[in-house]
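For the numbers below, each heavy atom of this structure counts, side chains included, while hydrogens, waters and symmetry mates do not. Sequential numbering from 1 along the given sequence is applied to the chain's residues.
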Amino acid sequence: MSRSNRREVRSSDGVAGAAQEAGSRAGSKKNKKNKKRRLSAMLSKPKNRRNLIISAVVLLLLAASVRNIIKLELENRRLTLKNRELKETKKELQIELKNVNSKEYIEEQARKQLRLVNPDEILFVFPNDKDKSNGESGGK
């Protein structure tokens with residue numbers, strides 16, 4: 001093929017491409033109008049309208065179900081964490097229950113709760129900040 005033949009083929013392709021492009025623009029406007037017509041025709045038939053309503057109801061029910069599933073999953077996670085915390089507390093209390101009858105535990109609780117001391121010990125009690133403010137305001 002010679003160069004002049006190639007140019008002719010290219011130029012004829014360009015003309016055909018431009019014609020196709022102009023036709024596709026006009027065709028897209030027609031397609032939009034046709035889609036609107038088909039949609040309005042489809043909705044005007046009672047059978048199609050009923051199917052559309054059924055589809056919408058099914059979609060709403062599906063969305064509600066998914067929402068409920070997500071809500072239940074979140075509650076399940078929360079309750080699982082709470083269950084772990086309660087199991088840890090149970091273990092701690094079981095250990096404390098085993099130690100309740102030991103001499104060390106009884107002595108510790110007597111020191112903490114009852115402020116008891118051994119005969120050879122001295123107990124120092126320091127007033128709290130609240131006690132200081134009450135004592136100073138009452139004395140003046």
Side chains of residues 63-89: which donor-acceptor pairs under 3.5 Å do they make with residues two or more places apart or in other chains?
| unit_1 | atom_1 | unit_2 | atom_2 | d |
| --- | --- | --- | --- | --- |
| S65 | OG | L61 | O | 3.0 |
| T80 | OG1 | N76 | O | 2.7 |
| T89 | OG1 | E85 | O | 3.0 |

Result block: side-chain N/O donor-acceptor pairs under 3.5 angstrom for residues 98-108, not counting sequence neighbours:
| unit_1 | atom_1 | unit_2 | atom_2 | d |
| --- | --- | --- | --- | --- |
| N99 | ND2 | I95 | O | 3.3 |
| S102 | OG | N99 | O | 2.8 |
| S102 | OG | Y105 | N | 3.4 |
| Y105 | OH | E96 | OE2 | 2.7 |
| E108 | OE2 | K112 | NZ | 3.0 |

Show the atom names and distances, to 0.1 Å, of all donor-acceptor pairs under 3.5 Å that link a side chain in residues 113-126 to residues at least two apart or in another chain.
| unit_1 | atom_1 | unit_2 | atom_2 | d |
| --- | --- | --- | --- | --- |
| Q113 | NE2 | Q109 | OE1 | 2.9 |
| E121 | OE1 | R111 | NH1 | 2.8 |
| E121 | OE1 | R111 | NH2 | 3.1 |
| E121 | OE1 | N118 | N | 3.2 |
| E121 | OE2 | R111 | NH2 | 2.9 |

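One distance of note links CG of L62 with OG of S55; it measures 12.0 Å at 0.5 Å rounding. Considering CD of E92 and NZ of K90, their distance stands at 13.5 Å, rounded to 0.5 Å.
Under the salt bridge (Lys or Arg N to Asp or Glu O under 4.0 Å) criterion, no residue pair touches residues 50-65, with sequence neighbours excluded.
Taking Ile, Leu, Val, Met, Phe, Trp and Tyr as members and joining any whose side-chain heavy atoms lie under 4.5 Å apart, directly or through other members, the hydrophobic cluster of V58 also contains I54.
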